[in-house]
Protein chains: 2
Amino acid sequence: MSQKRQRLLDTALTLFYQNGINSVGINEILAVSGIAKRTLYIHFPSKDALVFAALQQRHDIFIAWLKQKLANTKSTNEVIHSLFSALESWFSNQEAELGPFRGCFFINTSAEFSDINSDIFNFCHHHKQQVRQVIADHLISNNSELLEAMCIMKEGAIVTAHLCGSGKEVTANCIKILEKLETS
Amino acid sequence: MSQKRQRLLDTALTLFYQNGINSVGINEILAVSGIAKRTLYIHFPSKDALVFAALQQRHDIFIAWLKQKLANTKSTNEVIHSLFSALESWFSNQEAELGPFRGCFFINTSAEFSDINSDIFNFCHHHKQQVRQVIADHLISNNSELLEAMCIMKEGAIVTAHLCGSGKEVTANCIKILEKLETS
DNA sequence: AATAGAGTAGACAAATCGGTATACTTTTGT
DNA sequence: ACAAAAGTATACCGATTTGTCTACTCTATT
């Protein structure tokens, strides 16, 4: 609807993802976006509401990105390769839509919001379920053990790439491991 | 040395781990520990120094806990079982030394401190390397692919248990997957 | 041309942040 | 026993936090 609202949201998401939510104040978002404080509080009743909207925005972007990466996969092996190649590309900052890699926004956010019953923490959980579903939809065979393995290794790869910075080796190892599982 | 210093550190670690570092103020730590502000700043020059000391404390506790859990393992298979049984026990709050489970303190902390070159972020990286080394020391065979798989799945399991709350199924799946890898 | 809605700039409020200073008391080592 | 070190309580500092308020401007539609 409003282009100001959208610019606010884009700026907030970028800053939140890059620096962590608690480290980014409302005033910084206003300064970077060049929008007045009053305008922000017309569109979002509170910072938490802005955070929640940013999470939704990131969720939509990530799911769309993932679906596109998994499109046209015609076998389990192709899903494995497409998924972890995409992750590797993300880790090495070659996915413009996702911004400079700094781990998973939802893992990071759930680390800052400790209340397990809050809307924000709940949405992080919901996001992970949705991602799992997208992967599941692309697996022809109903191999739930392989699906589980892919999801666990995906989280492990994201965390490892973020903390240890070795993106390429990690994803290559994941592919190798999952291929062994697939054919066993 | 000083018992006050230790109490400060224990309180800080508990609160930081449970609520996130940026969500816990100096004053809260003082109120809970019942120690004067002046005393804190005698022992720690800044909040960041306290955070760093808390990370070191957690590191020592975690490494000791892990070594104990992996002690007396006599085969690769036993390492797999000991490691992921221990994790499952942690996830379901049965490991008093580690406190109520709220993910990995180092993953959580690195989510809050975005500067990759800071001492704090660096220590989180260092911790993960040390954990990997402890696991490696218990593997008789020099199977680096299995080691890598165990580390990736360990991170994946921690994140998944925290965000999705399904501790038991996750670790059971990890064990199943790793056993397949081991014997292939 | 008039009016309503969206936006701006910035002062302001109340709370909280990390950190310092002061004046005093307790503990500890020799 | 005495002196140094450690600890307490509390006031205070400047900066920063989210959020409110006022007064003004721009723009679009009827």
Side-chain angles (χ1 to χ4, degrees), chain A residues 1-57 108-109 111-115 118-121 123, chain B residues 1-57 105 108-115 118-121 123:
Chain A
M1 198 101 294
S2 163
Q3 71 179 45
K4 302 282 177 178
R5 189 194 137 99
Q6 192 56 48
R7 183 137 57 96
L8 235 16
L9 208 45
D10 292 341
T11 307
L13 175 52
T14 300
L15 291 176
F16 284 154
Y17 177 51
Q18 223 54 232
N19 303 105
I21 290 171
N22 283 325
S23 303
V24 176
I26 289 291
N27 295 315
E28 189 181 347
I29 297 170
L30 298 174
V32 172
S33 64
I35 291 175
K37 187 176 278 194
R38 190 84 215 288
T39 309
L40 185 150
Y41 281 98
I42 286 172
H43 292 295
F44 305 96
S46 67
K47 186 187 179 183
D48 267 15
L50 179 60
V51 169
F52 197 81
L55 281 170
Q56 286 182 296
Q57 166 108 330
N108 294 350
T109 299
E112 296 197 67
F113 290 78
S114 57
D115 183 4
S118 69
D119 290 342
I120 288 176
F121 189 95
F123 189 83
Chain B
M1 200 99 293
S2 163
Q3 71 178 44
K4 301 283 177 178
R5 188 194 138 99
Q6 192 56 50
R7 183 137 56 96
L8 235 15
L9 208 45
D10 291 342
T11 307
L13 175 53
T14 301
L15 291 176
F16 284 155
Y17 177 52
Q18 222 54 232
N19 302 106
I21 290 171
N22 283 324
S23 302
V24 176
I26 288 290
N27 295 314
E28 188 180 348
I29 297 170
L30 298 175
V32 171
S33 64
I35 291 176
K37 188 176 276 196
R38 191 82 212 292
T39 308
L40 186 150
Y41 281 98
I42 286 172
H43 292 295
F44 305 97
S46 67
K47 186 189 178 181
D48 268 13
L50 179 60
V51 169
F52 197 81
L55 280 171
Q56 287 181 296
Q57 166 107 330
F105 187 42
N108 294 351
T109 299
S110 65
E112 295 197 67
F113 289 79
S114 56
D115 183 4
S118 69
D119 290 343
I120 288 176
F121 189 95
F123 189 84

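Only this structure's heavy atoms are used, side chains among them; waters, hydrogens and symmetry mates stay out. Just so it is clear: chains get the letters A, B, ... in the order the sequence lines come, proteins before strands, and each one is counted from 1. All of these numbers come straight from a predicted model, not from anything done at the bench.
The separation between Gln6(B) atom CD and dG7(D) atom C1' is 17 Å, rounded to whole Å. Distance, Leu15(A) CG to dT17(D) P: 13 Å, rounded to whole Å. In this structure, the CG atom of Asn27(B) is 14 Å from the P atom of dT20(C), given to the nearest Å. Distance Ile42(B) CD1 to dT26(C) P: 17 Å, rounded to the nearest Å. Atom CZ in Arg5(A) sits roughly 17 Å away from atom C1' in dG5(C) (whole-Å rounding). Going from atom CG of Leu40(A) over to atom P of dT20(D) covers 11 Å, rounded to whole Å. For the pair Ile21(A) CD1 and dT17(D) P, the interatomic distance rounds to 15 Å; values are reported in whole Å. Whole-Å rounding puts the Leu30(B) CG to dT10(D) P distance at 13 Å.
Phosphate proximity of dA6(C) to His43(A): absent, as no side-chain N or O sits under 4.0 Å from OP1 or OP2. Between Thr39(A) and dT8(C), a side-chain N or O to OP1/OP2 separation shorter than 4.0 Å is present. Applying the 4.0 Å criterion to OP1 and OP2 of dG7(C), one finds that Lys4(A) has every side-chain N and O outside that range.
Both Arg38(B) and Ile26(A) lie close to DNA chain D; mapped to their nearest nucleotides by heavy-atom distance, the more 5′-ward contact belongs to Arg38(B).
Minimum interatomic distance between Leu8(B) and Phe44(B) (heavy atoms only, all atoms of both residues): CB-CE1, 4.4 Å. The two residues Val24(A) and Gly20(A) come nearest to each other via the heavy atoms CG2-O, 3.3 Å.
Using modelled atom types and a 3.5 Å distance limit, the side chains of Glu112(A) and Asn108(A) yield no donor-acceptor pair.
Candidate nucleotides dT8(D), dT22(D), dT20(C) were compared by shortest atom distance to the side chain of Tyr41(B), and dT20(C) ranks first. Of the candidates dT18(D), dT10(D), dC21(D), the closest approach to any side-chain atom of Lys37(B) belongs to dT10(D). Comparing dT18(D), dT8(D), dG18(C) against the side chain of Ile35(B) picks out dT8(D) as the nearest.
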*asked:* Leu50(B) vs Ile29(B), test: side-chain contact (heavy atoms from CB on, under 4.5 Å). Steps then yes/no.
replied: CA-CA 11 Å; Leu50(B) 179 60; Ile29(B) 297 170; 3.9 Å; yes
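Residues Leu55(A) and Phe16(A) have side chains not in contact (no heavy-atom distance under 4.5 Å, counting atoms from C-beta outward).
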